[in-house]
*Asks:* 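The structure under discussion is supplied below as structure tokens; questions concerning it will follow.
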Number of protein chains: 4
Amino acid sequence: MSRKPNTEARRAEIIRALQSVMATHGYEKATIQAIAKEAGLAPGLLHYHFKSKQEILVSLVTSLADYGQRRFEQIAGKAESPMDLLNAYLEARVGLGDGAAAEIVAAWVMIGAEAVRQAEVREVYQRAIATELELLSELLANCLRERQRVTTGSRDLAAALLAMMEGAYQLASATSGIMPVGYAAQSALRHAMLSIDAAPLATAS
Amino acid sequence: MSRKPNTEARRAEIIRALQSVMATHGYEKATIQAIAKEAGLAPGLLHYHFKSKQEILVSLVTSLADYGQRRFEQIAGKAESPMDLLNAYLEARVGLGDGAAAEIVAAWVMIGAEAVRQAEVREVYQRAIATELELLSELLANCLRERQRVTTGSRDLAAALLAMMEGAYQLASATSGIMPVGYAAQSALRHAMLSIDAAPLATAS
Amino acid sequence: MSRKPNTEARRAEIIRALQSVMATHGYEKATIQAIAKEAGLAPGLLHYHFKSKQEILVSLVTSLADYGQRRFEQIAGKAESPMDLLNAYLEARVGLGDGAAAEIVAAWVMIGAEAVRQAEVREVYQRAIATELELLSELLANCLRERQRVTTGSRDLAAALLAMMEGAYQLASATSGIMPVGYAAQSALRHAMLSIDAAPLATAS
Amino acid sequence: MSRKPNTEARRAEIIRALQSVMATHGYEKATIQAIAKEAGLAPGLLHYHFKSKQEILVSLVTSLADYGQRRFEQIAGKAESPMDLLNAYLEARVGLGDGAAAEIVAAWVMIGAEAVRQAEVREVYQRAIATELELLSELLANCLRERQRVTTGSRDLAAALLAMMEGAYQLASATSGIMPVGYAAQSALRHAMLSIDAAPLATAS
DNA sequence: AATGAATGAGCGTTCATTCAT
DNA sequence: TATGAATGAACGCTCATTCAT
């Protein structure tokens, strides 16, 4: 007899709507009214499901981080070698082709800017970045190990690749023609391979 | 009899104040009141010297682009070889150490986000990025030529390096410890050198 | 469950408040704050029900035009002869006696001035005037026909009478004693009757 | 040795500039900056020659009233009969053909609206209207006397004609095609003549 | 759960007026 | 006289948030 709570579904709709509006209008101009309209909901409902506008943003950040994780795991399922896994990761991050991806990428750029100025957003953003860094670092280390190289430089290399991907997001969103997102995957992979090959051989201890 | 115009000086002060406030609060929260306070001016005066808040932002973008240009030329003056020049460029872009640099870097990240959503900002941002790309591309081509390599990949390599630097700006501003800006210069240089060495030799035709 | 919309009622209140404030302070000085206070509403609410201040003004113009129309129809209901109808019209337009009328008249004068400088207001103002002109023209033609006169001059006469009424509004609002509004009805009627009598007889064809 | 004061010339320029700007933008939007630009003067200079913006407006009203007076006297110079004089008056008031006239007419409409809400403007506006009324009344009385009619109705008739002219200004400024200013002169003259002819004969006492 | 009206602080911008030069 | 920078109050408008229904 009790009503079935649909809070989780509603929250997801709202988060999704914020992502969509943020992609083109930024966070400040993503008004509650605009998000509600995008989601097809009454404005008042948003504050029923979320305490504040910032809470929607924070939820979006974790939501996007989770989405990236799932996407990688999905693509990685088919991979067998460490190199395949690395490739799968880069593909999951920057090898996005369709329109929905452009929205996600633009939204992520906006999130990055908000992370600079909002401590609460920064916290969850940082956590997401740190997780990425760790994952990528591990993937690179595995590649290095496979080729009998020392793994000391894997974290620095991961940071460089991460920066390249984030920068590609930015350039892809704010310019046209100069740097398509998809192109970044190749660049990153090439950089990774060059660096792996250039790494010193691990001596048997 | 008549009063001397001081518009140029005032405009510079205001632009500088916007940069400072944007670095920590973003563009939307960089209110006219806040900028005026930072500049030590009356709020109304800002609209005497600028038509709109957006005009201040656009001026800041070109101002920062010019600053980068001058900084490179200054550092490049001492350089002799193509490799030195490349190094000087990367140093000018990401080898910033002092506090003022962090402000510039953070402001540039905010500008990048605004470029996504404001056409007028995007235009001038794009122009700045294109100029950088061309310059860096030329520097890389010179390095390639010096080592008798084909220069076909120089533009793609330049784009990758540019993305890496922009991404480093973002990560440096929004996270701590993960990726210091200064570190990006080394990464970029290493990537450049690896790529140059890996480029095929130019055959005498 | 859901709340009932009350937009139409609120819009009417706001329009009414604008009319009241405009009558004594003009359009520019009829600030959103002042209108809100007059209506007993929070200032922000005005922009919830209207997109802009100008939209309130445009709504007021059509509202007043409609009111005039209704007022005429009401008075005209008792009329029987063409001359009675003409009299009813003039009465409805300028034979206003009570205090509410003075407010309407003054507001209309302000609207006239705004129509000169705001294209959007001019458009709806012009439409209202054109409707009046057509109606008055028809009423005059009927009077002329009843007396077997040619109706060729009816439109010019209508324009002259309309001008006289608008001018009476202006003089009644801006001066005291020189031209009471109510007096204009008599003048206009006299002018109409003289003109009708002076019109040439329609010859049987 | 002493500098030749040019205050009067400057004041005239400023008044003229206000008239020009008011005609299209109204009084509130006729900013000091805009008036100064129209006059080709520095903004600060306006408050050197006038105490306030309102003082410029008041000066404009008297200036326009004087201009009308001079214009009538000029045209009236050639007139011989009372009827010629009446005709000359109406011609001077509404028989304006060129472009400068449209500006004056529109400015006068704006002044009329300001007179409703500003006591100080109303005062001088009222004085101008009263002068007009007296003059027109006298002209009509002369026409009536010439035809041996009683002059009792001359003032009421004058008021009606004045209203018609003011209304014609309004309609000519805010609408197009419905009522050209120039047309009002004929209407008014016809109305005057009909009324004069209809006035009862003065009996020899 | 859901609606949509209501609130009021704060935004960018305008502008009459003042004033140092 | 003349200039143009400077001031600050007030404007129309936006918007996150609250709340009665």
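Note: hydrogens, waters and symmetry copies are ignored here, and every other heavy atom, side chains too, is used.
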*Asks:* Between Arg11(C) (CZ) and dA5(E) (C1'), how many Å, whole number?
*Replies:*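 In whole Å, dA5(E) C1' lies 15 Å from Arg11(C) CZ.
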*Asks:* Roughly how many Å is it from CD in Glu13(B) to C1' in dA6(F), rounded to a whole number?
*Replies:*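 My rounded result for the distance is 13 Å.
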*Asks:* Are Glu114(C) and Lys29(D) close enough for a salt bridge, meaning some N to O gap below 4.0 Å?
*Replies:*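 No salt bridge links Glu114(C) with Lys29(D).
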*Asks:* From the options dT17(F), dT13(E), dG4(E), select the nucleotide whose nearest atom is closest to the side chain of Ser52(A).
*Replies:*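 So the side chain of Ser52(A) is nearest to dT17(F).
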*Asks:* Without decimals, in angstroms, what is the distance between Ile35(D) CD1 and dG4(F) C1'?
*Replies:*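 These atoms are roughly 17 Å apart.
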*Asks:* Can you check whether Thr7(C) has a side-chain N or O nearer than 4.0 Å to OP1 or OP2 of dA5(E)?
*Replies:*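 For dA5(E), OP1 or OP2 has a side-chain N or O of Thr7(C) closer than 4.0 Å.
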*Asks:* Would you say Arg10(B) places a side-chain N or O within less than 4.0 Å of OP1 or OP2 belonging to dG4(F)?
*Replies:*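 Answer no for this pair, as no side-chain N or O of Arg10(B) is under 4.0 Å from OP1 or OP2.
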*Asks:* Report the nucleotide, chosen from dA5(F), dT7(F), dA6(E), that has the shortest atom-to-atom distance to any side-chain atom of Ala42(B).
*Replies:* dT7(F)
*Asks:* The side chain of Tyr48(B) is closest to which nucleotide in this list: dA5(F), dA16(E), dA16(F)?
*Replies:*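 Closest nucleotide to the Tyr48(B) side chain: dA5(F).
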*Asks:* Mapping Pro5(B) and Tyr27(C) onto DNA chain F by nearest heavy atom, which one lands closer to the 5' end?
*Replies:* Pro5(B)
*Asks:* What's the NZ-P distance between Lys37(C) and dC11(F), to the nearest Å?
*Replies:* 12 Å
*Asks:* Provide, to the nearest angstrom, the distance between the CZ atom belonging to Arg3(B) and the P atom belonging to dT3(F).
*Replies:*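 Distance check: Arg3(B) CZ to dT3(F) P gives 14 Å.
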*Asks:* At under 4.0 Å between heavy atoms, what does Ile32(A) touch on the DNA or RNA strands: base, sugar-phosphate, or nothing?
*Replies:* base
*Asks:* Both distances below 3.5 Å, Watson-Crick or wobble geometry, any strand: find the nucleotide opposite dC19(F).
*Replies:* dG4(E)
*Asks:* Counting only heavy atoms not in Gln54(B), do more than 12 sit closer than 6.0 Å to its CD atom?
*Replies:*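 It does: Gln54(B) CD has more than 12 such atoms within range.
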*Asks:* Rounding to a whole Å, what distance do you find between Leu45(A):CG and dC19(F):P?
*Replies:* 17 Å
*Asks:* Counting only heavy atoms from other residues, nucleotides and ligands, does the tally under 6.0 Å from NE2 of His47(B) exceed 12?
*Replies:* yes
*Asks:* Taking only side-chain N and O atoms of His47(C), does any of them lie within less than 4.0 angstrom of OP1 or OP2 on dC13(F)?
*Replies:* yes
*Asks:* Quick check: on DNA chain E, is the nucleotide nearest Lys29(D) upstream (toward 5') of the one nearest Gln33(B), or the reverse? Name the residue that is more 5'.
*Replies:* Gln33(B)
*Asks:* Is there a side-chain contact between Asn6(B) and the phosphate of dT21(E), meaning an N or O under 4.0 Å from OP1 or OP2?
*Replies:* no
*Asks:* Here's a test of your reading of the structure: between Pro43(C) and Lys51(B), which maps to the more 5' nucleotide of DNA chain E?
*Replies:*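 Final value for this comparison: Pro43(C).
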*Asks:* Scan every strand shown for a Watson-Crick or G-U wobble partner of dG12(F), both distances under 3.5 Å, and answer none if you come up empty.
*Replies:*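 Matched dG12(F) with dC11(E) under the 3.5 Å cut-off.
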*Asks:* Verify the contact: side-chain N or O of His49(C) to OP1 or OP2 of dG4(E), cut-off strictly under 4.0 Å; return yes or no.
*Replies:* no
*Asks:* Atom CD of residue position Glu120(B) - does it have more than 12 heavy atoms of other residues, nucleotides or ligands inside 6.0 Å?
*Replies:* no
*Asks:* If you check every side-chain atom of Thr31(C), which of dG12(E), dT7(F), dC11(F) has the closest atom?
*Replies:* dC11(F)
*Asks:* In terms of the nearest nucleotide of DNA chain F, which residue is placed more toward the 5' end: Lys4(C) or Gly44(B)?
*Replies:*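 The residue closer to the strand's 5' end, by nearest nucleotide, is Gly44(B).
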*Asks:* May I ask you to check whether Gln170(D) and Gln170(C) show a side-chain donor-acceptor distance below 3.5 Å?
*Replies:* no
*Asks:* In whole angstroms, how far is the P atom of dA10(F) from the CD atom of Glu28(C)?
*Replies:* 16 Å
*Asks:* Look at the side chain of Lys53(A) and decide which nucleotide, out of dT7(F), dA5(E), dT17(F), has an atom nearest to it.
*Replies:* dT17(F)
*Asks:* Check Ala17(D) against Ile35(D) and note the closest heavy-atom contact, atom names and distance.
*Replies:*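 Minimum heavy-atom contact is CB-O, 3.6 Å.
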*Asks:* Whole angstroms only, please: what is the CG-P distance between Leu18(D) and dA16(E)?
*Replies:* 11 Å
